[in-house]
Amino acid sequence: MTERELEELRGRALEEIEAVQDVKALDWLRIKYLGKKGLVTAIVKNIKDLPPDLRPVIGRRANELKRELEELIFRKREDLLRAAEDEAPGLDLTLPGRPYELGKLHPITQILREICAIFERLGFSIARGPEIELDYYNFEALNIPPDHPARDMQDTFYFPEGFLLRTHTSPIQIRTMLTRKPPLRIIAPGKVYRCDSDVRHTPMFHQIEGLMVDRSVSFSDLKGVLTYFAKEVFGTETRVRFRPSYFPFTEPSAEMDIECVICRGAGCRLCGDTGWLEILGAGMVHPNVFKAVGYDTEKWQGFAFGLGIERIAMLKYGIDDIRLFYENHLKFLEQF
Ligand code: FA5
């Protein structure tokens with residue numbers, strides 16, 4: 001390295017710094033000349049290899065060049081930043097950033113998952129089925145022939161060729177039993193449809209169906225499982241009761257009530273002064289249903305239940321109009 005070569009290097013560096021148009025390119029130049037493996041850095045590092053008479057003068061010049069370039073690059077960076085600011089005068093870098101709105105799960109999805117998790121802890125696994133269902137799975141295989149009055153309570157939307165929008169999740173019982181051998185324990189969550197609309201009914205709502213089939217399943221197993229479920233959702237203090245009921249696909253059948261969440265049994269408007277609120281239907285699987293799926297009724301017994309998710313959510317959160325869940329007002333949804 002001679003003094004002339006050093007002077008040429010300086011000339012090139014000054015020209016390039018002068019010509020640079022943006023901060024990123026300037027950074028590259030800094031690395032090129034002053035970085036760890038930069039051209040000027042290399043000269044400073046290798047002074048010791050020069051002939052002794054050249055060392056002091058080249059050493060001094062190289063260090064001066066290093067400082068000169070550092071200073072130049074610093075000032076050029078300021079100029080470039082100022083120019084960028086002048087071009088976009090509205091940009092105020094001190095303003096706080098815009099907050100991101102964080103979304104969350106719909107309350108019905110939250111409760112649905114919570115309930116599924118409770119039954120999964122009891123050894124039930126999740127099964128699913130289609131929302132457009134055949135009349136056979138939705139009604140006939142569940143012991144509800146075409147002229148059965150139980151159909152009136154579950155009017156739905158019909159398509160040609162025996163298809164309909166399912167009115168409950170019970171057809172998943174049938175589909176599961178047709179494809180799997182007992183013993184089994186399933187819960188089947190999903191959307192269902194009925195020709196209903198008022199403060200306690202929507203045309204689309206969610207149900208969870210439960211089914212357990214084994215060699216010796218009794219009504220007390222059903223009561224044990226459902227009582228555990230109710231206490232997990234509504235609190236261990238909550239009392240439950242079973243009332244006789246009727247479903248064509250279970251015998252005997254029952255409905256389960258929980259103690260009113262508002263008056264705790266004393267009687268109020270929500271529970272119609274009875275102190276109790278109905279939350280689900282249940283019963284021992286009817287032998288005709290087992291016959292429809294080819295299960296041996298002498299060998300297998302089972303219980304089934306079905307509950308409405310919106311109703312559970314209404315009771316848990318004290319909501320008096322089911323339609324609020326589907327009006328999509330953020331003020332309502334943000335509370336959950
Ligand atoms: C059934 O749907 C039976 N499949 C339940 C069952 C399964 C019984 C297995 C026995 C064995 P039900 O029609 O009562 O039963 O409906 C069950 C629940 O769905 C009701 O308790 C109620 O909470 C809810 N529900 C019914 N109709 C509506 C509606 N239009 N909107 C919101 N929730 C509803």
Side-chain angles (χ1 to χ4, degrees), residues 107-108 111-112 115 119 124 127 129 133 137-144 148-157 164-177 185-213 217 219 221-223 225-226 229-230 233 240 242-258 270-271 276-290 301-316 319-326:
I108 295 301
I111 295 262
L112 196 123
I115 295 175
F119 285 108
F124 287 73
E133 192 45 285
Y137 294 118
N138 197 81
F139 291 129
E140 280 196 50
L142 286 162
N143 205 24
I144 313 176
H148 198 288
R151 288 195 179 216
D152 293 349
M153 314 228 294
Q154 298 192 9
D155 191 12
T156 184
F157 306 86
L164 45 78
L165 287 182
R166 70 181 176 196
T167 57
H168 48 177
T169 38
S170 301
I172 302 176
Q173 281 189 35
I174 303 297
R175 288 178 173 275
T176 306
M177 290 193 282
R185 256 184 255 187
I186 56 139
I187 42 165
K191 292 188 174 67
V192 300
Y193 303 84
R194 292 187 193 179
C195 197
D196 277 346
S197 188
D198 59 41
V199 288
R200 289 158 58 82
H201 297 83
T202 41
M204 184 286 295
F205 61 103
H206 295 76
Q207 281 191 343
I208 289 186
E209 182 83 3
L211 172 70
M212 176 170 177
V213 182
V217 176
F219 206 89
D221 293 315
L222 179 153
K223 285 178 80 175
V225 164
L226 293 178
F229 150 75
V233 175
V240 301
F242 290 82
R243 276 180 298 107
S245 183
Y246 172 76
F247 296 100
F249 36 95
T250 46
E251 180 60 36
S253 303
E255 256 152 349
M256 186 171 96
D257 299 337
I258 59 163
L270 180 69
C271 59
W276 297 94
L277 295 161
E278 177 202 318
I279 62 164
L280 57 83
M284 302 306 290
V285 179
H286 196 290
N288 286 353
V289 174
F290 276 161
Q301 296 161 340
F303 67 76
F305 56 89
L307 50 96
I309 306 294
E310 282 78 358
R311 293 285 172 80
I312 304 272
M314 287 168 82
L315 297 179
K316 193 168 160 95
I319 293 161
D320 58 6
D321 188 337
I322 192 171
R323 292 169 296 197
L324 286 168
F325 286 118
Y326 298 114

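Every value quoted in this text rests on a predicted model; they were computed, and no experiment measured them. Whatever order the structure lists ligands and atoms in, that order sets their numbers, starting from 1.
Side-chain rings of Phe249 and His168 approach one another, their centers coming within less than 6.0 Å.
Phe219 and Phe242 have perpendicular rings, their planes meeting at more than 60° on a 0 to 90° scale where under 30° would count as parallel.
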>> For Glu209 and Ile172: C-alpha separation, side-chain torsions, deciding distance, then whether side chain to side chain contact (heavy atoms under 4.5 Å, CB included) applies.
In response: CA-CA 8 Å; Glu209 182 83 3; Ile172 302 176; 5.7 Å; no
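Arg185 meets the side chain to side chain contact (heavy atoms under 4.5 Å, CB included) test with Phe124, Met212; sequence neighbours excluded.
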Return a table of N or O atom pairs, ligand 1 on one side and protein on the other, at distances under 3.5 Å, rounded to 0.1 Å.
from     : atom 1 : to     : atom 2 : distance (Å)
ligand 1 : 2 (O)  : Arg194 : NH2    : 2.9
ligand 1 : 2 (O)  : Gln207 : NE2    : 3.1
ligand 1 : 4 (N)  : His168 : ND1    : 2.9
ligand 1 : 4 (N)  : Ser170 : OG     : 2.9
ligand 1 : 13 (O) : Arg194 : NH1    : 2.9
ligand 1 : 13 (O) : Arg194 : NH2    : 3.1
ligand 1 : 16 (O) : Gln207 : NE2    : 3.4
ligand 1 : 19 (O) : Gln207 : NE2    : 3.4
ligand 1 : 21 (O) : Glu278 : OE2    : 3.3
ligand 1 : 30 (N) : Asp196 : OD2    : 3.0
ligand 1 : 30 (N) : Thr202 : O      : 3.1
ligand 1 : 31 (N) : Thr202 : N      : 3.1

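For the pair Arg151 (side chain) and Phe139 (backbone), a donor-acceptor distance under 3.5 Å is absent.
Counting all heavy atoms, side chain and backbone alike, Ala304 lies closest to Leu222 at O-CD1, 4.2 Å.
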